[in-house]
2 protein chains.
Amino acid sequence: MVKPTFLNLPEDKRQRIIDVAVEEFAGKPYSKASLSNIVSRAGIAKGSMYQYFEDKKDLYSYLLDMAVEEKMAYIKEGMEPAGDFFASLEQAVYASTRFSLDHPKLGQVLANAMDPMGEEVLQEFFSQSKQTAMDWFENMIVLGQQEGTVRRGFNTRLMAHLLYSTIGFGLMEYFLEAQNVNMHEFITNPQLAKGFTEDAIRDTVREIMDFVRGGLEAKGWGK
Amino acid sequence: MVKPTFLNLPEDKRQRIIDVAVEEFAGKPYSKASLSNIVSRAGIAKGSMYQYFEDKKDLYSYLLDMAVEEKMAYIKEGMEPAGDFFASLEQAVYASTRFSLDHPKLGQVLANAMDPMGEEVLQEFFSQSKQTAMDWFENMIVLGQQEGTVRRGFNTRLMAHLLYSTIGFGLMEYFLEAQNVNMHEFITNPQLAKGFTEDAIRDTVREIMDFVRGGLEAKGWGK
DNA sequence: GAGTCACGTGACCACTTAGTCATATTATAG
DNA sequence: CTATAATATGACTAAGTGGTCACGTGACTC
């Protein structure tokens with residue numbers, strides 16, 4: 001658990017530590033991320049870090065919670081409760097994409113945590129957040145079936161996984177390839193996010209939704 | 001480049017080294033995989049490793065080539081040149097799944113290399129094999145459009161990414177969750193692969209294909 | 001001013017890493 | 001059997017890791 005000492009820190013110092021730590025954890029796998037590196041770049045002593053957090057895992061966990069909270073805020077804000085399944089999903093995909101482009105480093109920390117190949121140390125975080133995301137998708141699908149917009153007769157859990165990976169991985173990687181950059185360049189160069197216009201994002205999300213709609217829509221609905 | 005000394009090794013010794021190394025690289029990120037660990041478990045001296053390979057990257061590259069070759073063999077074997085786009089894709093998905101279940105460790109080494117969040121050292125391997133896979137998917141889509149089974153009017157590159165992540169990630173993760181194991185347990189316990197019956201695999205692949213077909217099929221085709 | 005307590009510090013510890021190299025062992029050839 | 005070349009070896013190096021701890025520093029209280 002994060003220690004009170006950290007929360008009582010002056011705003012700017014706290015933020016500087018967070019920024020540096022997020023950058024470190026975004027750029028390398030957990031075990032390779034270096035505390036020595038973080039403290040030196042943040043301009044604090046090694047020992048101070050251990051006044052703020054129990055250990056490396058504790059710091060990581062704190063950043064992860066931040067990332068989840070921030071992403072949830074994006075998604076919740078864009079949600080229109082009135083829409084049908086596909087409209088809601090499109091909103092969620094759009095919001096999730098916006099989050100990843102607005103906060104690429106934070107988004108990357110989250111993506112690392114979800115990585116199935118993740119390191120054993122992180123399995124607890126991983127399975128927890130992954131499970132939550134999957135439940136959310138599955139729940140949406142079931143609701144869509146109840147409202148009649150989504151066809152029946154398939155394994156909803158399997159479909160939740162497909163939706164998750166389609167949206168979670170495919171989209172971001174397409175954006176990167178389209179701009180001809182890799183993840184590291186994107187993370188370290190904040191300017192690159194400007195390369196994605198609002199229209200391009202909306203168009204891409206719409207194409208994805210066309211694909212998903214075709215795969216899931218009940219007969220008699222849609223254009 | 002792998003040194004001739006390694007290739008001249010007695011079959012059993014060579015295989016033992018490969019097995020141990022594959023297991024090591026499958027279980028942790030590249031930078032965390034330990035040569036000291038590999039040599040001790042393979043029962044050889046540290047120095048010997050450097051008679052066989054230039055360095056750590058060289059060993060990794062060798063294993064990666066092996067994995068690609070093996071997976072390609074699976075896919076090529078299952079390919080029936082006569083089938084239409086969806087039949088070919090289903091074959092490829094099935095073969096790819098079989099490969100991952102038959103050789104979970106090798107499959108995991110490959111998956112790590114494709115990981116977009118992969119470490120900077122591996123970008124060369126990553127972008128190369130990823131690009132190749134994406135070209136293959138895009139090419140198939142275009143051929144499908146030419147034969148009339150796949151609808152037109154979408155960004156084929158984006159769709160290749162969606163197909164790739166749907167098939168590459170979603171499927172495997174669903175299998176794991178369905179068996180209630182995580183990737184590490186699956187890798188270290190070869191028995192677990194038996195939990196997936198041939199029928200269950202075929203059914204799951206078919207459901208995925210239903211989803212993909214709905215999203216891509218041209219009007220007037222299909223059931 | 002004295003005493004107390006939270007916070008800051010960096011030298012230090014035990015450990016691990018990739019990689020080297022002088023030396024020992026083995027195989028080959030004359 | 002001897003000489004030569006190929007291979008095997010593991011102690012060693014330099015660098016880096018997460019984490020600790022005895023000691024400073026500064027602020028607040030009485």
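In what follows, chains carry the letters A, B, and so on, assigned in the order in which the sequence lines appear, proteins first and then strands, with residues in each chain numbered from 1.
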Write down the distance between NZ (B:Lys56) and C1' (C:dT16), rounded to a whole number of angstrom.
11 Å
When rounded to whole Å, the CD to P distance for the pair B:Glu54 and C:dA18 reads 17 Å
Between C:dT17 (P) and B:Lys28 (NZ): distance, integer Å
8 Å
Without swapping roles, check the side chain of A:Thr166 against the backbone of A:Leu162 for a donor-acceptor pair under 3.5 Å.
yes
Check the distance between C:dT17's P and B:Met49's CE and give it to me in whole angstrom.
14 Å
Tell me, please, the opening and closing nucleotides of DNA chain D, 5' to 3', among those with an atom under 4.0 angstrom from a non-hydrogen atom of chain A.
D:dT17 to D:dC21
Can you label the angle between the B:Phe53 ring and the B:Phe6 ring as parallel, tilted or perpendicular, going by 30° and 60°?
tilted
Take atom CD1 of B:Ile38 and atom P of C:dG19, then tell me their distance rounded to the nearest Å.
11 Å
Detail all sub-3.5 Å separations between protein N/O atoms and N/O atoms belonging to nucleotides 21-26 of chain C.
none

Ignoring hydrogens and angles, tell me if any N or O in the side chain of B:Gln51 forms a donor-acceptor pair with the backbone of B:Thr5 under 3.5 Å.
no
Ignoring hydrogens and geometry, is there a side-chain-to-backbone donor-acceptor pair from A:Glu24 to A:Leu35 under 3.5 Å?
no
Looking at the rings of A:Tyr174 and B:Tyr164, which for Trp means the six-membered one, are their centres under 6.0 Å apart?
no
Side-chain polar contacts of residues 63-76 of chain B - donor-acceptor pairs under 3.5 angstrom, sequence neighbours left out - could you list them?
residue: B:Glu70; atom: OE2; partner: B:His103; partner atom: NE2; Å: 3.4
residue: B:Tyr74; atom: OH; partner: B:Asp102; partner atom: OD2; Å: 2.6
residue: B:Tyr74; atom: OH; partner: B:His103; partner atom: NE2; Å: 3.2

All stems that DNA chain D takes part in, i.e. 3 or more consecutive Watson-Crick or G-U pairs with distances under 3.5 Å, are C:4-27 with D:4-27
Partners of A:Thr156 by side-chain contact (heavy atoms from CB on, under 4.5 Å), sequence neighbours excluded?
A:Glu138, A:Ile141, A:Val142, A:Gln145, A:Phe154
Could you list by number each residue of residues 7-15 of chain B showing a heavy-atom separation from DNA chain C of less than 4.0 Å, or answer none if no residue does?
none
For A:Glu185 and A:Asn182, indicate whether the former's side chain and the latter's backbone hold a donor-acceptor pair under 3.5 Å.
yes
Answer yes or no for B:Lys3 and B:Tyr50: cation-pi contact, defined as NZ/CZ to six-membered ring centre under 6.0 Å and angle to ring axis within 45°.
no
Taking the six-membered ring of A:Phe186 (Phe, Tyr or Trp), confirm whether the NZ or CZ of A:Lys105 is under 6.0 Å from its centre and within 45° of its axis.
no
Within the distance-only criterion (no hydrogens, no angle test), does the side chain of B:Asn112 pair as donor or acceptor with the backbone N or O of B:Phe25 below 3.5 angstrom?
yes
Would the distance check show the side chain of B:Thr188 and the main-chain N or O of B:His184 forming a donor-acceptor pair, the cut-off being under 3.5 Å?
yes
Hydrogens and angles aside, do A:Gln131 and A:Asp135 bring a side-chain donor and acceptor to less than 3.5 Å of each other?
no
Report which part of the nucleic acid A:Phe53 touches: base, sugar-phosphate, or nothing (heavy-atom distance under 4.0 Å, all strands).
nothing
